[in-house]
Amino acid sequence: MPRHPDRLIERLSQPAAAALVAASGAAVVATGSVEQHGGHLPLGTDAFAAASIAERVAARLGTVVASLGPAGVAPYHLPWPGTLSLRPATLAAVMVDVCGGLHGAGAHRIVVVNWHEGNSPTLRLAAGEAQRQHGVQVVIAESHVITHTLFPDEMEFTHAGSMETAAVLAYDASLVRLENATEPSEPQAAGRAHGLFRRPDVYPVLRDFRQIAATGWYGRPERATPARAEQIAEAVADHVVARAREIWEALG
């Protein structure tokens, strides 16, 4: 599969990383989460999904990927042991500092590839602070939203269903264990409850994911296949790059 781990900044020598950032004037930041996804997907599903897309985006832009680390803001998954959650201030501070390091290497434009809804409010605030402190231009790509938007019937916007299973398959298929799946929650009721928290106008704030799915997950992971997952990941990366370039052209 055409992942690009050679774009991960920690795998590169200093001269090689500096040359890529300076030549492109851009960098990619990846952020996800460590949270429960039933028995069939790893805790790091969101982190792996973000990394898979971010590597592909970086390869298309000729630059590097810097991860903010695997954990994100996920307090509503803490009832399931193994979940990790950062305070919003912690994630924001890490992002601002990482953007500062990338700017020091010559990145003026930064693409944040996120795959976790809980990170989104913090990332917007952190992006504003990074722009003020470092003079960079930040665009945020919500790669989970993009995946569902491009393939709405196939990639369901559930939790640990076909979309997130495909995301892990595109990263490392050996991490998916459908035979170990725990009991899913009833999909229609869970979908309705999830929709309340995703309303764009008037919405509640999620406190405990059991408000959505008592068992922690719902969806149809069996619908995802490795070959299709790869095609979808490539399409999402293409979309991120195309939209980022449109924004850069529009804003100058």
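Because the structure is predicted, anything quoted here is derived from the model rather than measured.
Side chain of Thr31 to main chain of Leu68: no donor-acceptor pair is present (N/O by atom type, distance under 3.5 Å, no hydrogens or angles). Judged by distance alone, the side chain of Ser185 and the main-chain N or O of Ala214 form a donor-acceptor pair under 3.5 Å. For the pair Thr83 (side chain) and His77 (backbone), a donor-acceptor distance under 3.5 Å is present. In terms of modelled atom types and a separation under 3.5 Å, the side chain of Gln36 and the main chain of Gly216 share a donor-acceptor contact.
Sparse packing is recorded around CD of Gln188, with 12 or fewer heavy atoms of other residues, nucleotides or ligands lying under 6.0 Å away. Few gaps surround CZ on Arg198; more than 12 heavy atoms of other groups in view lie less than 6.0 Å from it. Environment of CD in Glu10: crowded, with over 12 heavy atoms of neighbouring residues, nucleotides or ligands closer than 6.0 Å.
For the residue pair Arg56 and Ser52, a side-chain donor N or O sits within less than 3.5 Å of a side-chain acceptor on the partner. Using modelled atom types, one finds a donor on one side chain and an acceptor on the other under 3.5 Å when comparing Thr182 with Trp217.
Ring geometry, His194 versus Phe209: the interplanar angle exceeds 60°, so the pair is classed perpendicular (tilted spans 30 to 60°).
Residues His144 and His116 keep their aromatic ring centres 6.0 Å or farther apart.
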For this session: Start with the C-alpha distance between Arg60 and Asp238, add both sets of side-chain angles, then the distance that settles salt bridge (Lys or Arg N to Asp or Glu O under 4.0 Å), and finish with yes or no.
Result: CA-CA 8 Å; Arg60 286 159 169 76; Asp238 285 339; 2.7 Å; yes

For this session: Give the intermediate values and the outcome of salt bridge (Lys or Arg N to Asp or Glu O under 4.0 Å) for residues Glu154 and Arg223.
Result: CA-CA 8 Å; Glu154 189 177 2; Arg223 296 179 64 188; over 6 Å; no

